Amino acid sequence: MFIFILLPLLITLCYLYFYAKFSFWRDFEVPYCVPRFLVPKYADIQSAYNEAKREETVIAGTFRVTRPIVIAVHLDVVNQILVKDFQNFQSRSYHQYSNSEALSLLHQAGGDKWQNLRSRLSSILSSEKMKIIVPTIFHTGDGFNKQLSTLVGERGKIIDITNITKRLTVDIIGDCLFGSKDEFKNEFNKMVIKYSLPEKEIIGSGGYLSRVTMLKENIAKKFTKLVNETINYKESCTNSHNGNDFMDFMLELKKEGNLSETEAISQAFCFAVAGFKSIAYTLSYCLYELAMNSELQKQARVSVKEAILKHNGYTYESILDMKYLDQCIKETLRKYPVVPATSRLVTSDFYCILKRGMQVLIPTHSIHHDPEYYPKPEIFDPSRFTDEEIAKRPPCSFIPFGDGPRNCLGNKLAMFQLRIALTSLLLNFTFHKCEQTAEKLLQAKSIGSSLKPEKSIYLKMVKL
């Protein structure tokens, strides 16, 4: 009898509790979406964004369990958060990849610690260092294409392009990171290929409910061991220190006292993890779009050949001058941004709503598909990124790598890797849709992970 009295009371109390918690945005008259399963999915973010656009409000809201989350909608607000008032939003809202201190520094760091670390690391991604690393990427692409030519054969072959781009990307990252020592590169390649699919194999428990994304500890230990061995080898063998890979660049900083060994391991990890899937997926999406439109593919190939001819070869300068190829990459990043949303923590009270500790989401995918900035957003159109068209759009309308002081540190390197990989492939192969090619790609959208294809992308590759 007692339970029949207690149960309705508990249900009523729970209802009143959640009603009070979920009234936060309603009280401020801000459009919002309550997630069905306590943690917001990207559909929830898109729904709140669309509602805010209809009601012409500058922000929208959602919840993580019962904690309110701000969704920046108007680009002036996005610009304030990322650029103008950055000092109030310095920290990212996710925490760490691993329990290991060595693998959880730059993404976790905030305030003075983050600024100090970033300023020291920026030197290894300067234009001068890019000029040094570019020949390494050229060499990797050439070697990969020789293997790929054998696989494709003389009559062409239908291939899972996502598998090809992942293997090319891991080769590029391995060469850039570890240089000429095959033992370390091969171990790195095997590690990444083994654990890159499925994603749950590399990411342990935790996730959004605990607000911590944890790398399984055995992966963390293996990666730390590999980088330590590389550092020890390079420091013990003077002939290995050629100054043409990122481990060499970081060891230069370490020798000068500007980088600890723990920080070097952390940045090697960030370089590998942040770069792998984002570059591989972007390459896959770009090749798919070019295969679906042969005229765009021809135009991109002509752009590559003209730049090489103008600069007398495959050089750093020629890569920078492939303007139409650059437009194709940027349009790919618009349509398929690396991550569909990025986030910040409010580090000090800002206006009446934004209180310290509150999470703010920047809905990159929603902004990139907003017809106010990109008419017919589902159409792949590289002409959106001519200088004239870019000048017509407001700041923060294109943010695949974020913006402001805490934008992606490796964005310049990522663009070079994408340009060189595409150049290498387009000079050696043509890409065509086939009976296994989907007419429309479906993406698995998760707020905190790369925007990946739901299914493999099959294209027919033919040697030129």
Side-chain angles (χ1 to χ4, degrees), residues 127 130-131 133-142 144-145 148 161-162 164-166 168-169 171-173 176 275 278-338 368 374 379-391 393 398 400-401 408 410-433 441 457 459 461-464:
S127 296
M130 290 300 102
K131 288 182 181 180
I133 210 76
V134 158
T136 299
I137 308 175
F138 288 155
H139 176 75
T140 306
D142 289 342
F144 186 84
N145 281 329
L148 196 52
I161 208 69
T162 51
I164 295 298
T165 59
K166 282 182 178 180
L168 173 57
T169 301
D171 279 356
I172 290 173
I173 292 175
C176 289
S278 58
I279 293 169
Y281 292 150
T282 302
L283 285 173
S284 297
Y285 289 130
C286 190
L287 291 171
Y288 168 82
E289 292 290 354
L290 294 178
M292 298 300 282
N293 192 319
S294 59
E295 288 304 313
L296 297 183
Q297 185 177 158
K298 288 176 184 176
Q299 198 170 341
R301 191 173 287 110
V302 168
S303 170
V304 168
K305 290 180 177 179
E306 286 179 346
I308 291 173
L309 184 63
K310 177 181 176 181
H311 295 277
N312 299 313
Y314 204 17
T315 65
Y316 175 85
E317 289 74 21
S318 66
I319 290 297
L320 287 177
D321 204 23
M322 297 173 183
K323 293 183 179 179
Y324 190 76
L325 183 68
D326 200 59
Q327 289 173 219
C328 291
I329 294 171
K330 288 178 178 176
E331 175 65 353
T332 303
L333 289 168
R334 178 203 67 81
K335 189 174 179 182
Y336 310 98
V338 174
H368 286 191
Y374 301 100
I379 294 176
F380 184 82
D381 181 9
S383 67
R384 300 182 201 271
F385 288 93
T386 62
D387 292 340
E388 295 76 17
E389 289 299 313
I390 291 172
R393 291 190 291 270
F398 180 66
F401 300 108
C408 175
N411 68 84
K412 187 184 296 184
L413 175 64
M415 288 299 293
F416 266 106
Q417 290 173 327
L418 287 166
R419 291 180 188 120
I420 295 172
L422 282 170
T423 297
S424 181
L425 291 169
L426 289 172
L427 286 176
N428 290 278
F429 305 95
T430 56
F431 298 84
H432 310 270
K433 62 181 179 179
L441 293 183
I457 300 173
L459 300 176
M461 292 181 64
V462 179
K463 285 198 292 186
L464 279 170

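Since the structure is predicted, the reported quantities are computational estimates derived from the model, not experimental observations.
- For the pair V302 and E306, the minimum side-chain heavy-atom distance is below 4.5 Å.
- Pairing each heavy atom of I137 with each of C176, the nearest pair is CG1-SG, 3.6 Å.
- Counted by atom type alone, T162 and S284 present zero donor-acceptor pairs between their side chains at under 3.5 Å.
- Scanning for side-chain contact (heavy atoms from CB on, under 4.5 Å) contacts around L320 gives Y316, F416, R419, with sequence neighbours left out.
- Classification of the Y336-Y285 ring pair by plane angle, with boundaries at 30° and 60°, yields parallel.
- Of the inter-residue distances, the one linking I379 atom CD1 with Y374 atom OH reads 15.0 Å to the nearest 0.5 angstrom.
- The environment of NZ in K305 is sparse: at most 12 heavy-atom neighbours from other residues, nucleotides or ligands sit within 6.0 Å.
- One distance of note links CG of L427 with CZ of R301; it measures 8.0 Å at 0.5 Å rounding.
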(message) What verdict does the side chain to side chain contact (heavy atoms under 4.5 Å, CB included) test give for M415 and D326, after you've listed the backbone C-alpha separation in whole Å, the side-chain angles of each residue and the deciding distance to 0.1 Å?
(response) CA-CA 8 Å; M415 288 299 293; D326 200 59; 3.4 Å; yes
(message) Using the rule given for side chain to side chain contact (heavy atoms under 4.5 Å, CB included), can you reason through F398 versus I390, listing the C-alpha separation, both sets of side-chain angles and the distance that settles it, and then say yes or no?
(response) CA-CA 9 Å; F398 180 66; I390 291 172; over 6 Å; no
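- For the side chain to side chain contact (heavy atoms under 4.5 Å, CB included) test with L422, the passing option among T165, V304, L325 is L325; the others fail.
- In terms of heavy atoms, Y314 sits closest to I420 at OH-O, 3.3 Å.
- To the nearest 0.5 Å, the span separating CZ on R384 from NZ on K330 amounts to 15.0 Å.
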(message) Please evaluate residues N428 and K463 with respect to the criterion side chain to side chain contact (heavy atoms under 4.5 Å, CB included), reporting the C-alpha separation (whole Å), side-chain torsions for both, the decisive distance (0.1 Å), and the verdict.
(response) CA-CA 6 Å; N428 290 278; K463 285 198 292 186; over 6 Å; no
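- Side chain of S318 to main chain of G313: a donor-acceptor pair is present (N/O by atom type, distance under 3.5 Å, no hydrogens or angles).
- Here the straight-line distance linking atom CD1 of I319 with atom CG of L418 works out to 11.0 Å at 0.5 Å rounding.
- Judged purely by atom type and a 3.5 angstrom limit, Q417 has no side-chain atom pairing as donor or acceptor with the backbone of T169.
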(request) Begin with the C-alpha distance, continue with both residues' side-chain angles, and end with the deciding distance and a verdict on side chain to side chain contact (heavy atoms under 4.5 Å, CB included) for C328 and Q299. (result) CA-CA 10 Å; C328 291; Q299 198 170 341; over 6 Å; no
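- Looking at every heavy atom in both residues, T430 comes nearest to Q297 through CA-OE1, 3.5 Å.
- Here the straight-line distance linking atom CG of L148 with atom CE of M461 works out to 4.0 Å at 0.5 Å rounding.
- Side chains of M322 and I308 form a contact here, defined as non-hydrogen atoms less than 4.5 Å apart.
- Of the inter-residue distances, the one linking E289 atom CD with K335 atom NZ reads 4.0 Å to the nearest 0.5 angstrom.
- Between N293 and F380, every side-chain heavy-atom pair lies at or beyond the 4.5 Å cut-off.
- For S424 and N145, the side-chain atoms include at least one donor-acceptor pair closer than 3.5 Å.
- Proximity of F385 to I329: side-chain heavy atoms (C-beta onward) are nowhere separated by under 4.5 Å.
- Residues I164 and F144 approach most closely at O-CZ, 3.6 Å, considering heavy atoms.
- Counting all heavy atoms, side chain and backbone alike, N411 lies closest to C408 at ND2-O, 2.5 Å.
- Across all non-hydrogen atoms, the minimal contact from S278 to V338 is CB-CG1, 3.2 Å.
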